[in-house]
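Before any comments, here is the structure.
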Amino acid sequence: MMFSFLILLGLVLLFIFWAVAVYNGLIGARNTYKNAFAQIDVQLQRRFELIPNLVEIAKRYMSHERETLEAVMTARSAAMSGAAAAKNLPGDPAAMARMGSSEGLLGGALGRLLAVAEAYPDLKANQTMRQLTEELSSTENKVAFSRQAYNDAVTSYNNRREVFPASLIAGNFGFKPAGLLEIPTEQAEQMRQAPKVAF
């Protein structure tokens with residue numbers, strides 16, 4: 001009788017230790033993708049700071065391209081709003097979709113601005129414009145790497161929470177699926193087709 005009780009107690013303790021380990025693993029995975037999103041946010045803030053300077057320099061030379069410049073600033077505002085919503089709810093599928101869409105619009109607007117800038121030799125020769133364009137290009141690369149790291153962390157978290165029997169713990173403790181940061185296909189195509197600036 002005592003032996004049966006000890007076996008039962010051992011099994012219960014083993015189950016508790018397993019459940020705690022799974023729970024802690026899910027917490028760790030969730031914190032990893034939130035940290036990865038924080039890295040995206042840092043790079044986006046840098047880009048948001050660069051864009052007004054780029055537009056201001058371009059304004060001096062591109063007086064007839066007001067619509068292009070306004071489109072960039074409008075897209076920047078939308079991207080900032082999308083990033084703020086996602087920052088409050090990193091991983092929320094709706095917030096990440098909104099952010100991805102606004103990022104795609106901003107990328108397209110910047111691509112058009114840089115393509116139009118090609119037609120202005122004085123603007124292309126401007127040292128400040130070149131520096132800002134290089135910084136923007138570097139920041140865009142960092143954003144892309146950070147987005148990939150975030151998406152990898154989200155995929156790992158989602159896999160961890162969906163695998164049986166961990167899915168039992170995830171479902172009972174409110175571990176919801178996290179959304180990837182993806183740019184909608186049509187916007188991604190536009191971004192890929194945007195001409196590159198070569199000074």
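All residue numbers in this chain count up from 1 along the given sequence.
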**Asked** Is F37 close to K87 at the side-chain level, that is, under 4.5 Å between some pair of heavy atoms?
**Response** yes
**Fill in**
Heavy-atom closest pair (A58 atom, L123 atom, distance to 0.1 Å) is CA-CD1, 4.0 Å
**Message:** If you define the side chain from C-beta out and look only at heavy atoms, does anything of P93 sit under 4.5 Å from K176?
**Reply:** no
**Prompt:** What pair of heavy atoms forms the shortest contact from V22 to A166, and how long is it?
**Reply:** CG1-CB, 3.7 Å
**Request:** May I ask you to test the V42-K142 pair for a side-chain heavy-atom distance under 4.5 Å?
**Result:** no
**Complete:** Minimal heavy-atom distance between M99 and A86, with the atoms involved, is SD-CB, 3.4 Å
**Message:** For a side-chain contact (heavy atoms from CB on, under 4.5 Å) check, start with the C-alpha distance between L26 and R160, then their side-chain angles and the critical distance, and finish with the verdict.
**Reply:** CA-CA 7 Å; L26 288 166; R160 182 171 264 186; 3.8 Å; yes
**Inter-residue atom distance I169.CD1 - Y23.OH, 0.5 Å rounding** = 10.5 Å
**Fill in**
Between R47 and L110 the two heavy atoms that sit nearest each other are CD-CD1, 4.5 Å
**Asked** Is there a donor-acceptor contact under 3.5 Å from the side chain of R112 to the main chain of T68?
**Response** no
**Side-chain heavy-atom pair L44, I40 within 4.5 angstrom cut-off** = yes
**Fill in**
Rounded to the nearest 0.5 angstrom, the CG-OG distance for L181 and S146 is 10.5 Å
**Item:** Stepwise side-chain contact (heavy atoms from CB on, under 4.5 Å) check, Q45 with D41
**Value:** CA-CA 6 Å; Q45 292 307 315; D41 188 53; 3.5 Å; yes
**Request:** I would like to know whether Q39 and Y150 meet side-chain contact (heavy atoms from CB on, under 4.5 Å); could you show each step before the answer?
**Result:** CA-CA 8 Å; Q39 300 309 311; Y150 167 80; over 6 Å; no
**Item:** Any donor-acceptor pair under 3.5 Å from S138 side chain to E134 backbone
**Value:** no
**Request:** Test side-chain contact (heavy atoms from CB on, under 4.5 Å) on M96 and D92 and set out the steps.
**Result:** CA-CA 6 Å; M96 299 315 292; D92 178 67; 5.5 Å; no
**Request:** Measure the shortest side-chain to side-chain distance between L113 and L54 over non-hydrogen atoms and say whether it is less than 4.5 angstrom.
**Result:** yes
**Request:** Using a 4.5 Å cut-off on heavy atoms from C-beta on, say whether the side chain of M73 contacts that of I51.
**Result:** yes
**Prompt:** Hey, what do you get for OG (S137) to CG (L50), rounding to the nearest 0.5 Å?
**Reply:** 11.0 Å
**Prompt:** Quick one: does W18's side chain get under 4.5 Å of P165's, heavy atoms only?
**Reply:** yes
**Asked** What about the rings of Y33 and Y157, do their centers lie closer together than 6.0 Å?
**Response** yes
**Request:** Any chance you could measure I57, atom CD1, to R130, atom CZ, to the nearest 0.5 Å?
**Result:** 12.5 Å
**Prompt:** What's the spacing between I7 CD1 and L14 CG if we round to 0.5 Å?
**Reply:** 13.0 Å
**Item:** Inter-residue atom distance T74.OG1 - E67.CD, 0.5 Å rounding
**Value:** 10.5 Å
**N172 side chain vs L168 backbone, donor-acceptor pair below 3.5 Å** = yes
**Prompt:** D152 and Q148: side-chain donor and acceptor closer than 3.5 Å?
**Reply:** yes
**Flag if over 12 foreign heavy atoms under 6.0 Å of CD, Q127** = yes
**Item:** Any R66 side-chain heavy atom under 4.5 Å of K59 side chain
**Value:** yes
**Request:** Using only heavy-atom distances, determine whether the side chains of Q43 and R46 contain a donor-acceptor pair under 3.5 Å.
**Result:** no
**Message:** Show the nearest heavy-atom pair for residues S102 and A79, with the distance to one decimal.
**Reply:** OG-CA, 3.5 Å
**Item:** Residue pair A117 / M129: nearest heavy atoms and the distance that separates them
**Value:** CB-CE, 4.4 Å
